[in-house]
Amino acid sequence: MVDDEANFLGSVSGGCVEGAVITEAIDVIGNGQPRLLEFGVADETAWQVGLTCGGRIRIYVERVD
């Protein structure tokens, strides 16, 4: 959960994903348009960007009133 002041509860992943999801969530709060985020990285470079398991992750973000 993310509020309009970037306070968040919980976690979706580590590394670069967390900050990107918070940024996108703030946009969704502002305009009300849900979106599907997708992140992925090759297994051999996963550690470099903080995604220790590699692979892909999809996150659906929507505003809850």
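Side chains included, hydrogens not; waters and symmetry mates left out as well; all remaining heavy atoms used. Numbers here simply count residues along the sequence, with the first being 1.
With sequence neighbours left out, the side chain to side chain donor-acceptor pair (under 3.5 Å) criterion links Asp27 to no other residue. Qualifying side chain to side chain contact (heavy atoms under 4.5 Å, CB included) partners for Asp4, counting only residues two or more places apart in sequence or in other chains: Ile29. With sequence neighbours excluded, no residue forms a salt bridge (charged side-chain N to carboxylate O under 4.0 Å, His left out) with Glu62. By the side chain to side chain contact (heavy atoms under 4.5 Å, CB included) test, Val2 is found to be paired with Phe8, Ile22, Ala25, Ile26, residues two or more places apart in sequence or in another chain being considered. Glu5 is linked by a salt bridge (charged side-chain N to carboxylate O under 4.0 Å, His left out) to nothing, counting only residues two or more places apart in sequence or in another chain.
Chaining together hydrophobic side chains whose heavy atoms lie under 4.5 Å apart places Tyr60 alongside Leu36.
Closest approach of Val12 and Glu18 over heavy atoms only: N-OE1, 3.4 Å.
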